[in-house]
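To keep things clear, I will list the structure first and then write my remarks on it.
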Amino acid sequence: MVPAEEAAALARTRAARGSLGRRVVWYTETTSTNDRAVEGAAAGAAHGTVYAADHQSAGRGRLGRVWHSPAGAGLYFSVVLHVPAAAVPLLTLTCGVAVAEGLRASTGLTPQLKWPNDIWVDGRKVGGILAEAVQVAGDPAVVVVGIGVNVGRAALPPEVADRATSLEEEAGRPIERGLVLAECLVALSRWVARLAAGAGGEVLPAWRALAASLLGQPVEWDGPGGGVSGRAVDVDDAGALVVEMEGGRVCLNAGEVRWT
Ligand code: BTN
């Protein structure tokens, strides 16, 4: 059952959310809300169905990493999206813009985006997005977008603790998890509808504005022959990171880029 605080925030934002969160399935504990959403999507869950949990016992991040998901410290939810196939390449960047806007609306903080979809506040990671395509017969583009946000202080393992932060630490006050969920869904509803309607051209300027502090900065990544470095300058129309190197520009489509 959806907890009372979240139910109240969702009720207040019903009109602005459209079909996002019209149905919310809430778990006290589950392995990963993306697992539940992928199962749900494969079984025919409608556009906008949300799967959320107080605690994930096997939360997943990008690149096979664990997403630490302690109870009472974070917001963990996944949304089933049915979009036109043409919208898929820019979907994760679009969701990054929406989550950054949702966090700003619910907390007053000014999040930044780090390619492809990390959400940072003051140089430390506060949230992340894991998008997974789902094969559904007759529907070419069903995507589960899983969103994790550190709401409160939590005992994080040492390997991530110095690079992570939480909304409450940054805001210096208690943050209502239900409001964060509701405002993220409001922003997702707006941005995903724009993208689906063919207004993807609005996404990149919004993404660039939110990533401004990280564009123009030196980056490095692991290439096949060892470490490679350059300067991140832009994202292209397909959402790839454009990096300037001595020999010219390269576009990175996946993998991990470190801002040095
Ligand atoms: C990342 O930055 O590596 C992406 C993290 C995504 C975490 C969220 S929490 C809700 C959903 N369920 C998961 O197992 N992962 C995503």
Side-chain angles (χ1 to χ4, degrees), residues 2-3 6 20-21 24-42 45 48-81 91-100 102-103 111-121 123-134 142-152 154 156-157 159-167 177-178 180-182 184-185 188 207 210-211 214 221 239 241 252-259:
V2 179
E6 280 71 19
L20 265 72
V24 179
V25 184
W26 200 286
Y27 300 87
T28 307
E29 176 180 339
T30 191
T31 52
S32 155
T33 57
N34 267 33
D35 293 346
R36 301 291 78 78
V38 167
E39 285 169 6
T49 306
V50 169
Y51 298 80
D54 289 319
H55 165 56
Q56 298 183 118
S57 56
R60 295 188 273 114
R62 288 179 64 242
L63 306 172
R65 297 200 179 109
V66 169
W67 185 260
H68 297 278
S69 313
L75 173 63
Y76 318 113
F77 71 104
S78 304
V79 190
V80 176
L81 298 174
L91 189 61
T92 52
L93 293 191
T94 302
C95 291
V97 169
V99 172
L103 297 186
Q112 298 101 43
L113 294 174
K114 183 192 141 201
W115 183 86
N117 49 18
D118 282 359
I119 297 124
W120 284 22
V121 174
R124 290 195 293 164
K125 182 165 173 169
V126 75
I129 299 176
L130 177 67
E132 297 182 295
V134 185
V142 182
V143 180
V144 161
V145 176
I147 296 159
V149 180
N150 303 330
V151 177
L156 290 170
E159 68 272 18
V160 295
D162 60 338
R163 287 178 287 117
T165 188
S166 67
L167 299 178
R177 185 180 64 173
V180 178
L181 171 65
C184 285
L185 291 175
L188 278 165
W207 192 92
L210 287 161
L214 291 166
W221 66 98
L241 185 71
L252 302 178
N253 290 303
E256 184 71 347
V257 172
R258 297 180 290 277
W259 263 258

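For ligands, and for the atoms within them, numbers begin at 1 and follow the listed sequence.
- In terms of polar-atom proximity, defined here as any N/O pair under 3.5 Å, S32 does make such a contact with ligand 1.
- Residue I129 touches ligand 1 through its backbone alone, judged by heavy-atom distances below 4.0 Å.
- Counting heavy atoms closer than 4.0 Å to ligand 1, residue R65 contributes nothing at all.
- Only one option out of N117, L188, L130 pairs with I147 in a side-chain contact (heavy atoms from CB on, under 4.5 Å); it is L188.
- Checked against Y51 for a side-chain contact (heavy atoms from CB on, under 4.5 Å), the options V24, V80, V79, N34 give a single hit: V80.
- The G59 neighbourhood of ligand 1 comprises atoms 14 (O), with distances under 4.0 Å to a heavy atom of that residue.
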Item to complete: Quick one: do L167 and L103 satisfy side chain to side chain contact (heavy atoms under 4.5 Å, CB included)? Show the steps, please.
Response: CA-CA 9 Å; L167 299 178; L103 297 186; 4.2 Å; yes
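- At a 4.0 Å heavy-atom cut-off, ligand 1 does not touch S69 at all.
- The contact set between ligand 1 and D118, taken as ligand atoms under 4.0 Å from a residue heavy atom, comprises 2 (O).
- Summarising the contacts of atom 2 (O) of ligand 1 with K125, E132, R62, the nearest heavy atom is found in K125.
- Interface atoms of ligand 1 facing G61, defined by a heavy-atom separation under 4.0 Å, are 1 (C), 3 (O), 4 (C), 5 (C).
- Under 4.0 angstrom from ligand 1, there are no non-hydrogen atoms of N117.
- Near G148, meaning under 4.0 Å from one of its heavy atoms, ligand 1 places the atoms 7 (C), 8 (C), 9 (S).
- With ligand atoms numbered from 1 in the order given, ligand 1 contributes 10 (C), 11 (C), 12 (N) to contacts under 4.0 Å with heavy atoms of T33.
- Nearest non-hydrogen protein atom to atom 9 (S) of ligand 1 is Q56 NE2, 3.4 Å.
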